[in-house]
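Single-structure report; data block below.
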Amino acid sequence: MSTQGNLRTLFKDGTIITMDRTIAAPPVGDVLVENGQIAAIGANLQVADAEVVDAAGSIVMPGLIDAHHHMWLGVMRRMMPDVDDLFTYIDVVAETLGSHYRPLDMYLSTKLTALACLDAGITTVIDACHSSRSPEHTDAALDALDGSGIRALHMVGAAMDKKASAAHIPGDLERLADNWNQGDGLVRVGLFGQLNIDWWRAARALDMRILTEFIGDLAKLGPEFDEPGLLGTHNIFNHCTRVPEETWKRLAAAGVNVTVNPRSDALFGFDDESFAWQRAVDHGLTPALGIDLDTAFGSDLFGEMHALFGQQRSAMRYRRFRGEENVPAPISVQAVLEAATVNGARAAGLEDRIGTLAVGREADVIMVRTDDVAVFPVTDPVGTIVQAVERANVDTVMVAGEIRKRGGKLVGVDLPKLQSEVNGSLAYLLEASGYQPEGSRKRVFVAA
């Protein structure tokens with residue numbers, strides 16, 4: 001299991017974004033980390049025996065939280081960038097390729113995705129694994145997460161292809177809870193349970209969180225889920241597009257967590273002008289952001305923040321121009337960054353530990369350089385993070401006091417070795433399945 005650092009680290013002279021509305025941080029100041037926690041925030045802190053990270057000209061803030069990501073798809077990056085049909089996607093990633101996954105492929109895909117997330121300033125991921133083909137596959141994914149140093153909630157779920165059995169899952173939950181959920185490690189386990197009420201009961205008996213993919217015209221929340229103890233703050237509902245009003249009221253009354261994936265919801269045409277993020281907010285919920293999949297996108301939350309800002313404003317303006325009354329106000333950059341930090345912490349059940357910078361919180365901290373020609377001058381730090389920076393500007397990433405990226409480079413990662421292993425995994429999957437990616441069938445035109 002991962003361990004917290006014991007050294008003092010001082011982020012010195014940075015622009016601080018705490019995401020905690022109760023803390024009046026100085027415009028430029030210091031953040032002290034000690035024994036894996038935030039020990040002090042202030043101007044010109046006097047600290048002895050600390051490793052000093054020069055944060056001048058940089059923004060220091062909480063790590064980003066990716067609240068929904070199918071990390072097992074890592075070796076299939078950009079394999080289907082133009083797909084717009086959910087069932088075509090499932091046929092390729094599950095029936096064709098996923099059915100050939102070995103535990104090794106699960107390990108390498110998950111490791112690749114975890115490291116890419118860390119590189120992009122993501123310190124916590126809710127790993128939506130709808131490919132838990134066997135206990136060995138689950139263990140491989142968990143080992144990859146644990147070895148990467150990222151904070152993760154791994155959601156164990158049935159594989160989507162018809163060749164796989166899910167009979168092991170409910171019985172395996174107790175073993176997984178005993179191994180991963182008893183201490184204070186960075187990696188924990190929950191259930192990707194869809195709407196299997198028996199699995200929900202098994203997960204709740206183990207105090208596990210439960211994830212459900214929820215598209216309103218493809219799934220219905222039946223009255224049987226009103227059984228006391230089943231529906232509550234331990235639930236995470238993803239997508240939540242085209243959900244009827246009566247269901248929104250039930251979700252809100254139960255205080256569930258909602259996650260949205262702006263880019264993939266648009267890719268597959270899941271959403272409409274009512275806009276799931278807005279519907280959740282209208283019902284008093286606090287939606288978080290997820291990347292969803294790498295088969296079309298990259299592992300960075302900056303793209304999701306851009307998409308959320310643009311899509312909400314577009315959808316609300318469409319409703320306004322159509323003549324609706326009392327249309328919600330345009331989204332703010334503050335609300336977008338909350339979705340990528342504090343709301344994600346709440347979805348993961350970690351709102352009392354991460355998501356903000358405050359004394360006593362666990363030290364999931366990132367430092368983002370602002371000296372890039374596309375970034376300076378910084379007139380609004382939150383607006384800069386949401387609208388201007390990208391993964392290349394993420395200089396330093398710390399998880400629970402341990403530095404995982406420093407000076408723009410991942411720490412302790414042999415990238416050539418990983419690339420070779422990932423390429424080998426992909427080659428095996430393509431040979432075993434006989435699948436030819438659509439990109440390899442395209443003609444690429446190069447100017448003479």
Side-chain angles (χ1 to χ4, degrees), residues 3-65 118 121-124 149 151 184 186 332-338 340-346 350-372 375-386 388-389 393-408 411:
T3 58
Q4 293 182 340
N6 295 312
L7 299 177
R8 284 180 160 189
T9 303
L10 182 67
F11 292 88
K12 187 72 175 171
D13 295 330
T15 298
I16 301 173
I17 300 175
T18 68
M19 297 307 294
D20 187 327
R21 297 185 182 187
T22 68
I23 295 177
V28 175
D30 309 335
V31 176
L32 176 64
V33 174
E34 186 173 3
N35 295 325
Q37 294 185 328
I38 306 293
I41 300 174
N44 195 28
L45 296 178
Q46 301 300 308
V47 181
D49 302 323
E51 177 186 4
V52 176
V53 178
D54 183 5
S58 298
I59 294 171
V60 180
M61 60 174 287
L64 301 175
I65 299 174
L118 285 168
I122 296 167
T123 53
T124 298
R151 192 186 298 274
D184 58 357
L186 298 181
S332 68
V333 291
Q334 179 71 27
V336 172
L337 194 53
E338 287 175 356
T341 52
V342 293
N343 295 0
R346 188 175 296 112
L350 298 170
E351 65 269 31
D352 60 341
R353 297 170 62 184
I354 61 171
T356 65
L357 299 186
V359 174
R361 290 296 184 107
E362 296 198 22
D364 289 9
V365 183
I366 65 174
M367 188 179 85
V368 182
R369 292 184 294 101
T370 63
D371 58 357
D372 191 274
V375 178
F376 66 79
V378 177
T379 58
D380 184 319
V382 172
T384 297
I385 293 296
V386 171
V389 303
N393 302 119
V394 177
D395 179 273
T396 303
V397 176
M398 172 182 280
V399 183
E402 294 281 356
I403 292 181
R404 299 298 178 180
K405 184 180 183 181
R406 184 196 303 268
V411 175

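The basis for the numbers below is simple: all heavy atoms, side chains too, and nothing from hydrogens, waters or symmetry mates. This chain uses plain numbering: 1 for the first residue, then up along the sequence.
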- Message: With a 3.5 Å distance limit and no angle check, can you tell me whether Arg369 reaches the backbone of Ser58 through a side-chain donor-acceptor pair?
- Response: no
Rounded to the nearest 0.5 Å, the CG atom of Asn393 sits from the CG atom of Asp372 at a distance of 5.0 Å
The residue among Asp395, Thr396, Thr123 that forms side-chain contact (heavy atoms from CB on, under 4.5 Å) with Ile366 is Thr123
Note: Ile38 and Ile41 closest approach over all heavy atoms is CG2-CG1, 3.9 Å
*Hey, mind stepping through Glu362 and Leu350 against side-chain contact (heavy atoms from CB on, under 4.5 Å) and telling me if it holds?*
CA-CA 10 Å; Glu362 296 198 22; Leu350 298 170; over 6 Å; no
d(Thr124 OG1, Ile354 CD1) to nearest 0.5 Å is 3.5 Å
Asp13 meets the side-chain hydrogen bond (donor to acceptor under 3.5 Å, both in side chains) criterion, sequence neighbours left out, with none
Using atom types as modelled, flag every donor-acceptor pair under 3.5 Å from a side chain in residues 46-56 to any protein atom, sequence neighbours excluded.
from, atom 1, to, atom 2, distance (Å)
Gln46, NE2, Asn44, O, 3.2
Gln46, NE2, Asn44, OD1, 3.1
Glu51, OE2, Arg406, NH1, 2.5
Asp54, OD1, Ala56, N, 3.1

One should read off an interatomic distance between Met19 CE and Ile385 CD1, to the nearest 0.5 angstrom, of 10.5 Å
Practice item. May I ask you to say whether Glu338 pairs ionically with Arg346, meaning some side-chain N is under 4.0 Å from a carboxylate O? Key: no
I'd like to know whether Arg404 forms a side-chain contact (heavy atoms from CB on, under 4.5 Å) with Val411, so could you lay out the CA-CA distance, the side-chain angles of the two residues, the decisive distance to 0.1 Å, and finally the verdict. CA-CA 5 Å; Arg404 299 298 178 180; Val411 175; 5.7 Å; no
Note: Ile65 and Thr341 closest approach over all heavy atoms is CD1-O, 3.2 Å
Looking only at heavy atoms, the pair that brings Pro26 and Ala43 closest together is CG-N, 3.8 Å
In this structure, NZ of Lys405 is separated from CE of Met367 (nearest 0.5 Å) by 10.5 Å
Q. Are the side chains of Ile17 and Leu357 in touch, meaning some heavy atoms are under 4.5 Å apart?
A. no
Shortest non-hydrogen pair, Val33 vs Phe11, comes out as CG2-CE1, 4.2 Å
The residue among Ile23, Thr22, Asp20 that forms side-chain contact (heavy atoms from CB on, under 4.5 Å) with Thr356 is Asp20
- Item | Asp364 (side chain) donor-acceptor with Ala400 (main chain) under 3.5 angstrom | yes
Closest non-hydrogen contact found for Leu118 with Val397 is O-CG2, 3.3 Å
Open item on the list: The test is side-chain contact (heavy atoms from CB on, under 4.5 Å); show your working for Leu64 and Leu337 and say whether it passes.
Closed with: CA-CA 9 Å; Leu64 301 175; Leu337 194 53; 4.2 Å; yes
Nearest heavy-atom approach of Gln37 to Gly360 is NE2-O, 3.6 Å
